[in-house]
Amino acid sequence: MTIEDLRNTIKRLNSKAGQMKMDLHDLAEGLPTDYEKLMTVAAETYEIYKELDRLKQQLKTMETS
């Protein structure tokens, strides 16, 4: 994967992460309605941000090499 490919992947994932954050926020504001979805949405949001952090670290390493 090239640096440019990685930047594009981060950009797409960043957009998805932002949407997941908004979905989680909306779900939290609507509590207790749909409380059963909270753990699933929170876990998905966590995984996206975890992957985004990993990719940003990878990009930083590639750029400094």
Side-chain angles (χ1 to χ4, degrees):
M1 181 177 280
T2 68
I3 289 177
E4 193 58 37
D5 291 339
L6 191 52
R7 283 185 182 137
N8 288 333
T9 299
I10 289 170
K11 188 181 290 187
R12 284 191 304 276
L13 193 58
N14 210 15
S15 177
K16 186 174 181 179
Q19 183 58 52
M20 289 298 297
K21 180 173 70 171
M22 294 297 289
D23 291 348
L24 183 58
H25 177 266
D26 291 347
L27 181 61
E29 287 215 339
L31 289 173
T33 304
D34 292 331
Y35 74 90
E36 64 278 351
K37 296 178 184 177
L38 185 59
M39 294 304 291
T40 301
V41 175
E44 290 171 359
T45 304
Y46 172 83
E47 289 302 322
I48 285 174
Y49 276 94
K50 182 179 171 182
E51 178 66 6
L52 190 56
D53 184 54
R54 185 188 71 77
L55 292 175
K56 285 180 178 180
Q57 292 296 328
Q58 183 179 347
L59 177 62
K60 187 176 183 178
T61 300
M62 288 173 74
E63 287 177 333
T64 58
S65 297

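In what follows, residues are counted from 1 in the order of the sequence shown. All values below were derived from every heavy atom in this structure, side-chain atoms included, with hydrogens, water molecules and symmetry-related copies excluded.
In this structure, Met22 places its CE atom where only 12 or fewer heavy-atom neighbours from other residues, nucleotides or ligands lie under 6.0 Å away.
Taking CD1 of Ile48 as the reference point, atom CD of Gln19 lies at 10.0 Å (rounded to 0.5 Å). Distance check: Thr2 OG1 to Met62 CE gives 6.5 Å after rounding to the nearest 0.5 Å. Atom CG of Asp53 is separated from atom CD of Gln58 by 12.0 Å, given to the nearest 0.5 angstrom. Note that CG of Asp26 and CG of Leu31 are 11.0 Å apart. Values are rounded to the nearest 0.5 Å. Rounded to the nearest 0.5 angstrom, Tyr49 OH and Lys21 NZ are separated by 4.5 Å. Interatomic distance, NZ of Lys11 versus CG of Leu52, reported as 13.0 Å (0.5 Å rounding).
The pair Lys60-Glu63 fails the salt-bridge criterion, with no side-chain N (NZ, NE, NH1 or NH2) lying under 4.0 Å from an Asp/Glu carboxylate O.
Counting heavy atoms from C-beta outward, Arg12 and Lys16 have side chains that stay 4.5 Å or more apart. Between Leu27 and Thr33, every side-chain heavy-atom pair lies at or beyond the 4.5 Å cut-off.
With Leu59 as the partner, the side chain to side chain contact (heavy atoms under 4.5 Å, CB included) test is satisfied by one option alone out of Thr64, Ile10, Thr9: Ile10.
Tyr35 and Val41 end up in the same hydrophobic cluster when Ile, Leu, Val, Met, Phe, Trp and Tyr side chains are linked at under 4.5 Å.
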